[in-house]
Amino acid sequence: MAQSNNDVHHIVEFPILMKTALALFGLTFLTMIAFWAHSYLGPLGPIVAFLIAGVKAALVMMYFMGLKYDSLMNRFIFALGFFFLLLLFAISALDIWTRVPVANTL
Amino acid sequence: MMWMNLARAQSLMPAEGTQIATQVNNLYVFLLVASLIASAIIIGGMIFFVWKYRRKTANDKTPYMSHNTTLEFLWSFIPLVIFLGVFAWGWYIYHNMRAMPKDALEIHIVGKQWAWETQYKSGVKASNLIVAPINTDVKLIMTSTDVIHSFFVPSFRIKQDVVPGRYTALWFRANKLGEYHIFCTEFCGTQHSGMIGTLRVVSQQEYEAWLEEESKVGLLPLAQRGEKIFQVKACASCHSTADAAVKVGPPLFKAFGKTHEMANGEKVAMDENYIRESIMSPNAKVVKGFPQNVMPAFQGQLSETELSALVEYIKGLQ
Amino acid sequence: MSTVNSHEHHYAHHFKNADHEFVTSKQGIWLFMVTEILMFGGLFVAFFIYHAMYPEMFAEGAKQLDWRMGFTNTLVLIFSSFTMALGIHYIQKGDARKATWNLSATILCGAIFMVIKYFEYTHKFHLGFFPGKYLDVARVGAEHANLGLYFGFYYCMTGLHGIHVLTGMSLIVWVLFRHLRGDFNPHYYTPVEGVGIFWHIVDLVWIFLFPLLYLVG
Amino acid sequence: MANHDSNLNYINEFKGIKSWLFSLDHKRIGILYMISVMFFFLLGGIAALGIRLELFSVGPTLMTADTYNQFMTYHGAIMVFMVIVPGIPAILGNFFLPLHIGAKDVAFPRLNLLSWYMLMLGAAMAIATLFIHRLDTGWTFYTPYSIKTSGSTALMVVAVFIMGMSSVLTGLNFIATVHKLRCEGMTMYRIPLFVWALYSTAILQVLATPVLAITLLLLAMERILGVGIFDPALGGDPVLFQHFFWFYSHPAVYIMILPAMGVVSELITTFSRKTIFGYTAIAYSSLGIAAVSFFVWGHHMYVSGQSETAGIVFSFLTMLVGVPTAIKMFNWVSTLYRGSISFQSPMLFALGFLFLFMIGGVTGIMLATLAIDVHFHDTYFVVAHFHYVMVGGTLMALMGGFYYWIPKMFGKMYNEGLARLTFVLIFIGFNVTFFPQFILGAMGMPRRYFDYIPAYESLNRISTVGSWLIGAGFLISLYVIIDCLVRGKKAPENPWGSKTLEWTVASPPPHHNFHHDPVVSAGPYEYR
């Protein structure tokens with residue numbers, strides 16, 4: 001099950017780390033620009049903000065945490081967490097938004 | 001054997017008072033019989049195998065049976081089909097329970113710590129009592145003023161949590177006269193087991209007569225109106241009026257005019273203002289030995305006349 | 001628990017070799033990270049549900065927050081994540097001096113983050129934005145009566161995140177101490193990797209927290 | 001390494017209390033868990049007997065309503081969080097998982113000891129609430145009652161958070177152990193079914209408990225900072241608390257029952273001396289139950305104000321989780337077919353498990369049906385159902401597991417006659433206590449009732465008498481265990497003729513488990 005011996009101890013090279021850091025700073029500024037321009041974006045604003053946050057999170061996970069070079073099992077384990085959160089949100093939201101309101105007719 | 005079994009099964013459940021209750025009974029009887037059959041197969045099989053293949057010698061040889069795909073498929077697929085069938089039948093009846101009838105007789109229920117307060121459209125109020133006409137759709141619109149309660153009428157097989165901060169609804173159409181229990185089934189504190197009411201199903205005429213008689217409460221002398229309000233607001237569940245027994249709050253029997261020691265040691269005579277203040281904001285003066293913030297505040301729930309009626313009633317408890 | 005000493009480093013007796021111990025420890029670390037994601041995730045799920053139920057109230061709450069502080073905090077945490085990754089990188093390369101600098105820089109950034117957080121909190125207390133029922137709606141002049149709910153979320157989420165930043169900082173101090181004592185070398189650095197991944201999770205949570213709380217408008 | 005002296009084992013190799021309290025040996029930590037869980041079971045049992053005594057007759061019998069509510073709360077909280085969730089995984093799992101897969105220890109021994117200390121810390125705080133300000137919220141802490149009521153709820157909730165943390169760390173440890181420490185030749189299809197059950201339980205412990213952690217933290221913040229997330233006064237939705245609570249608590253009931261199923265698989269194969277029928281079916285149904293258990297939590301909330309659509313989705317998914325459970329029952333009974341069955345006490349408890357879990361199972365399907373649950377929800381029918389699967393299931397399997405493995409754990413045989421007596425007492429006492437409660441539930445008696453209408457009195461009386469029998473049964477089994485430790489005869493290496501790895505080592509096993517690493521070439525139940 002363990003991968004081949006040599007890439008068990010993977011070292012993320014300096015240039016990759018530097019590029020990731022710069023990308024993260026850039027994306028943070030991009031988020032701010034999206035926030036200031038919320039008058040044009042309107043309802044799209046929060047969605048854009050979250051997309052950028054998602055990209056930043058992916059960068060941190062892949063390069064800083066080394067998930068890109070890690071075993072399939074560890075990636076599956078980490079992804080499992082997000083799946084169950086989605087499940088909790090999906091069915092709780094399904095409940096709250098399919099409730100039939102009862103009016104007080106007194 | 002089957003029919004005796006059905007009769008016995010139905011005798012366990014309280015006599016049903018609505019058409020839906022009969023449907024629930026039928027599904028319950030089917031489930032009971034199916035479970036008996038399934039248990040007979042598995043437990044009977046177990047007992048038979050255990051007896052037939054009991055150990056004979058110290059080193060018996062047993063066959064190496066690892067699996068049997070067809071058999072295993074059957075006893076996975078057949079239970080699945082039965083379970084889904086039961087799910088669909090349950091869904092059908094559940095939908096009937098939750099689909100509210102149009103233009104039903106609406107009664108308001110307010111669940112509060114440790115009593116059910118009912119209110120009719122005509123303004124008639126009652127405590128722990130619902131009077132409903134027979135063969136009419138009745139819709140209960142329920143809310144709670146403090147914690148979650150749950151309105152349960154076993155004979156009608158209906159139950160619905162009463163959630164503070166929003167309205168929940170229940171409906172029934174009684175098809176038998178009589179008195180049925182109302183229970184609270186969501187834990188709500190000390191007197192959770194005391195929140196028992198009665199649901200009386202009467203004929204249409206009797207229902208209108210009761211409504212008429214109850215609405216004349218406005219003409220009663222002040223003290224009697226006070227007693228009615230004392231009942232409706234379920235003050236009796238915490239304060240005794242016939243004797244000096246301590247229920248949850250201090251007794252009100254022969255209490256008027258006497259001085260009582262407060263929690264902070266101050267001596268206060270019980271006069272009209274003290275009663276009025278203790279009703280509107282109970283925590284202002286709490287009698288020694290009684291806990292803080294147990295009694296709910298009635299600020300904004302009682303009109304001026306209702307307050308003076310209550311004061312008149314308590315003064316009369318000599 | 002006796003440990004088998006080989007010239008590079010030691011590993012526990014119930015493992016076959018050092019790599020076996022490293023791979024198992026990494027899996028243990030990732031399993032723990034799943035529980036962190038699920039715990040913070042629970043808060044985010046509750047936040048999304050209430051945001052959808054009371055959008056205007058949440059917008060009013062978000063306006064009270066100072067996006068400048070949030071923005072600087074994001075930059076500080078991303079930089080600390082970068083220095084943490086560098087710290088591991090240099091320990092793997094065997095360059096002890098640079099690793100020490102980077103780990104200290106990470107701790108410093110954590111401290112800066114907490115100081116900015118402290119000013120944000122005191123500023124809000126000063127204005128009267130307390131959590132939940134303690135928020136005096138009249139004094140604060142809030143349009144929505146349950147603004148306290150937004151600030152309840154604000155303090156719960158940033159508070160829990162703050163506690164994790166402090167825990168992360170103390171873990172890095174412990175790892176730095178062991179590094180200065182010479183425990184780590186290119187063949188044995190599991191604790192550093194573990195603490196590093198924990199610190200990146202803390203940064204990950206803040207990356208989502210910042211747009212969620214500050215920019216929701 | 002310790003020398004291979006024959007009479008040296010994990011008990012007598014190191015002496016003194018410190019060698020126990022700071023031991024990193026998974027076997028010693030298993031014994032520490034055993035002692036603490038048995039003590040908590042005693043506490044929970046006393047609370048149970050108190051409840052039944054109070055319900056012996058109409059009206060207050062020996063306590064006030066508030067005291068009864070406190071008894072009910074502490075019975076639930078102690079039994080769930082301190083006895084039955086740690087129970088089989090922490091005691092038998094810690095001791096036998098490494099032995100079953102041929103490992104020297106669990107993956108992270110220090111984490112294992114930390115888990116025990118966290119359980120002790122959490123339990124101490126929980127029991128401290130008894131003396132500070134007793135709780136009366138029920139073990140479910142439903143809001144807004146748990147926010148409004150007096151009582152040290154915040155302290156209890158943090159205590160449960162810490163105990164949950166202990167459960168997460170144990171689960172994490174077991175997953176890493178099963179993944180990485182299996183001995184040579186021990187593929188995932190040659191590990192015993194007890195290990196499959198612990199593996200599925202560990203997945204549940206790791207993925208479900210964190211959501212309980214955040215829910216309880218928010219409840220503590222609710223009481224301390226009044227954040228209003230679950231408080232309707234501030235726009236919070238108490239039904240959302242129930243969603244978050246049951247998102248953990250339904251997987252939690254599978255954390256309780258799956259290890260018991262693992263023990264029963266071991267007992268049935270050993271005592272019918274026949275290989276398991278459908279190994280892969282049972283292994284995959286453990287994983288199946290673990291997976292589907294995350295989708296079904298809403299069947300606790302059909303009448304809670306949850307929408308009809310959500311109720312339908314949950315009822316449908318709950319029916320699916322019933323299927324793997326039925327598969328296991330069929331496979332166990334088929335294992336008995338043409339076996340060579342002996343009736344020593346572990347097997348009696350396993351057969352008792354099958355009987356009681358069958359009734360628990362079918363009543364579970366009844367409760368999963370939407371229309372039926374509307375009548376049965378929060379009545380004694382539900383109380384009877386979950387006691388049938390928890391006491392009838394997990395505790396019967398725990399007792400069977402104790403008697404099956406005590407010769408290996410302590411190297412001494414227990415008194416077989418007395419052990420069979422405890423089975424008879426517990427089995428009969430259990431049915432006398434809880435079967436009438438099914439009828440009470442059908443008649444509509446709500447649960448958590450301090451007092452009831454006279455119509456329910458006779459059945460409640462029978463139930464109380466039954467609870468005395470259970471109490472006697474468990475006290476006698478405590479005596480049997482102590483008597484075995486003090487005066488038990490020396491146990492042979494393999495008293496039951498079982499084929500799994502732990503019976504190939506001495507009883508009690510040496511500190512490092514195996515003198516030389518085992519190599520496995522066949523399945524765990526090779527009875528030819």
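Chain naming here is simple, since letters A, B, ... match the order of the sequence lines and numbering starts at 1 in each.
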Counting only heavy atoms not in [X] (residues, nucleotides, ligands), do more than 12 fall under 6.0 Å from its [atom1]?
| X | atom1 | value |
| --- | --- | --- |
| Arg97(C) | CZ | no |
| Tyr118(C) | OH | no |
| Trp97(A) | CH2 | yes |
| Phe82(A) | CZ | yes |

Flag the pair [X] / [Y] as yes when at least one side-chain heavy-atom distance between them is below 4.5 Å, and no otherwise.
| X | Y | value |
| --- | --- | --- |
| Lys93(C) | Glu13(A) | yes |
| Phe89(A) | Phe44(C) | no |
| Leu204(C) | Lys56(A) | no |
| Phe82(C) | Thr20(A) | no |
| Phe64(A) | Met84(C) | no |

In terms of the angle between their ring planes, are Phe78(A) and Trp30(C) parallel, tilted or perpendicular, with boundaries placed at 30° and 60°?
perpendicular
Parallel under 30°, tilted from 30 to 60°, perpendicular over 60°: which one fits the rings of Trp67(C) and Phe35(A)?
tilted
State, to 0.1 Å, how close [X] and [Y] come at their nearest heavy-atom pair, and which atoms those are.
| X | Y | result |
| --- | --- | --- |
| His89(C) | Phe14(A) | CE1-N, 3.6 Å |
| Leu38(C) | Leu85(A) | O-CD2, 3.8 Å |
| Val12(A) | Gln92(C) | N-OE1, 4.4 Å |
| Ile49(C) | Ser92(A) | CD1-CB, 3.8 Å |

Side chain, backbone, both or neither of [X] within contact of chain A (heavy atoms, under 4.5 Å):
| X | value |
| --- | --- |
| Leu86(C) | both |
| Ile201(C) | both |
| Ala52(C) | both |

Could you tell me the separation between the CE atom of Met33(C) and the CE atom of Met61(A), rounded to the nearest 0.5 Å?
13.5 Å
The reported gap from CD in Gln27(C) to OG in Ser71(A) (rounded to nearest 0.5 angstrom) is 6.5 Å
Structural part of Ile77(A) lying under 4.5 Å from a heavy atom of chain C
both
Contact origin within Met65(A) toward chain C - heavy atom pairs under 4.5 Å:
both
Counting heavy-atom pairs closer than 4.5 Å to chain C, which one of [options] comes out on top?
| options | value |
| --- | --- |
| Leu88(A), Ile96(A), Leu80(A), Leu67(A) | Leu67(A) |
| Leu24(A), Ile52(A), Leu17(A) | Leu17(A) |
| Leu27(A), Thr28(A), Leu86(A), Asn74(A) | Asn74(A) |

In terms of heavy-atom pairs under 4.5 Å, which option from Leu75(C), Thr74(C), Ile197(C) contacts chain A the most?
Leu75(C)
Under a 4.5 Å cutoff for heavy-atom pairs, which residue among Phe79(C), Phe71(C), Phe210(C) has the most contacts with chain A?
Phe71(C)
